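Structure first, then comments.
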Amino acid sequence: QVQLVESGGGLVQPGGSLRLSCTVSGDTFSNYPMVWFRQAPGAEREFVAAISKRGDSTGYADSVKGRFTIDRDNAKNTMYLQMTSLNSEDTAVYYCATTKKTHYGLSPRDYAYWGQGTQVTVSS
């Protein structure tokens, strides 16, 4: 069973940076595409960024493009989300997720395996 654990969340001032990590266990990490979602209070869970199995392809939501960078280290079974120029609209619980499907998109319904989430709060 694939297990995902996020870390690195916290309180950061507007304009600041934060790096999230997602460590995977229970299966071969490099077999899985990985994604980040986030969910703000009262809002639906939304796609943030995705990275292919080998890390050679990435995709971002328009709201974070140019500010966030997704990366992975298959030797460490870990995915990262480097977040810069943070603002209050980035405040949310951030989740990493993955799937065994060969076809998947930007909907949370496409992903069967989730971490517990890590809170990111952007506030002065």
Side-chain angles (χ1 to χ4, degrees):
Q1 179 76 358
V2 179
Q3 295 182 321
L4 295 79
V5 178
E6 302 96 337
S7 61
L11 174 64
V12 61
Q13 292 186 342
S17 299
L18 210 56
R19 188 194 197 200
L20 306 183
S21 299
C22 172
T23 300
V24 175
S25 62
D27 205 341
T28 304
F29 180 59
S30 58
N31 287 346
Y32 293 88
M34 297 296 298
V35 297
W36 287 99
F37 283 84
R38 67 185 181 185
Q39 188 165 19
E44 294 185 352
R45 195 166 296 189
E46 65 173 359
F47 169 80
V48 175
I51 189 166
S52 61
K53 298 175 185 179
R54 294 183 298 180
D56 54 354
S57 178
T58 59
Y60 298 91
D62 287 342
S63 59
V64 307
K65 200 171 293 183
R67 300 189 298 122
F68 290 11
T69 302
I70 189 171
D71 198 3
R72 67 189 292 163
D73 186 338
N74 285 349
K76 295 183 178 180
N77 293 351
T78 302
M79 171 181 68
Y80 305 97
L81 185 68
Q82 179 67 48
M83 306 184 292
T84 64
S85 301
L86 287 162
N87 59 64
S88 59
E89 294 182 349
D90 296 316
T91 295
V93 177
Y94 284 71
Y95 299 90
C96 60
T98 190
T99 179
K100 291 185 177 182
K101 294 182 179 180
T102 55
H103 299 283
Y104 46 88
L106 306 183
S107 169
R109 293 188 296 272
D110 288 339
Y111 300 89
Y113 304 98
W114 292 84
Q116 81 288 353
T118 185
Q119 176 70 47
V120 172
T121 302
V122 184
S123 175
S124 56

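Because the structure is predicted, anything quoted here is derived from the model rather than measured.
Checked by atom type and distance alone, the side chain of R72 never pairs as donor or acceptor with a backbone atom of G55 at under 3.5 Å. Formation of a donor-acceptor pair under 3.5 Å by the T84 side chain with backbone atoms of R67 is found in this model. Using modelled atom types, no side-chain atom of S88 and backbone atom of V122 make a donor-acceptor pair closer than 3.5 Å. Side-chain atoms of Q116 never come within 3.5 Å of backbone atoms of V5 as a donor-acceptor pair (strictly under, hydrogens ignored).
To the nearest 0.5 Å, the span separating CG on L20 from OH on Y94 amounts to 7.5 Å. To the nearest 0.5 angstrom, D73 atom CG is 12.5 Å from M79 atom CE. Between E46 atom CD and S107 atom OG the span is 12.5 Å, to the nearest 0.5 Å. The distance from atom SG of C22 to atom CE of M34, rounded to the nearest 0.5 Å, is 4.0 Å. Atom OG1 in T98 sits 9.5 Å away from atom CG in D27 (nearest 0.5 Å). Separation of atoms OH (Y113) and NZ (K100) is listed at 4.0 Å; rounding is to 0.5 Å.
Taking hydrophobic clusters as Ile, Leu, Val, Met, Phe, Trp and Tyr residues chained together by side-chain heavy-atom distances below 4.5 Å, V93 shares a cluster with L106. Transitive grouping of hydrophobic side chains (ILVMFWY, heavy atoms separated by less than 4.5 Å) keeps F37 and V24 in distinct clusters. Residues Y80 and V2 do not share a hydrophobic cluster, defined by chaining ILVMFWY side chains whose heavy atoms lie under 4.5 Å apart. By the rule that hydrophobic residues join a cluster once side-chain heavy atoms approach within less than 4.5 Å of another member, V120 and V48 end up as members of one cluster. Note on W36 and I51: same hydrophobic cluster, where clusters join Ile, Leu, Val, Met, Phe, Trp and Tyr whose side-chain heavy atoms are under 4.5 Å apart, directly or indirectly.
Minimum heavy-atom separation, R45 to P108: O-CG, 3.8 Å. In this structure, S30 and N74 approach most closely via the heavy-atom pair CB-ND2, 3.4 Å. Of all heavy-atom pairs spanning F47 and G59, the tightest one is CZ-O, 3.8 Å. Considering every non-hydrogen atom in both A40 and A92, the closest pair reads N-CB, 3.8 Å. For the pair A49 and Y60, the tightest heavy-atom approach, listed with the atom from each and the gap, is CB-CD2, 3.7 Å. Residues P14 and S124 share a closest heavy-atom pair of CD-N, 3.7 Å.
Considering only heavy atoms from C-beta on, S123 comes within 4.5 Å of L11 through its side chain. Side chains of T99 and D110 form no contact here, defined as non-hydrogen atoms less than 4.5 Å apart. Two residues are said to be in side-chain contact when any heavy atoms from C-beta on lie closer than 4.5 Å; D90 and F68 meet this criterion.
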Item to complete: Show your working on side-chain contact (heavy atoms from CB on, under 4.5 Å) between R38 and L81 and close with a plain yes or no.
Response: CA-CA 12 Å; R38 67 185 181 185; L81 185 68; over 6 Å; no
Fill in: side-chain contact (heavy atoms from CB on, under 4.5 Å) assessment of T91 paired with Q119
CA-CA 8 Å; T91 295; Q119 176 70 47; 4.0 Å; yes
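Under the 30°/60° scheme for interplanar angles, the aromatic rings of W114 and Y95 are found to stand perpendicular.
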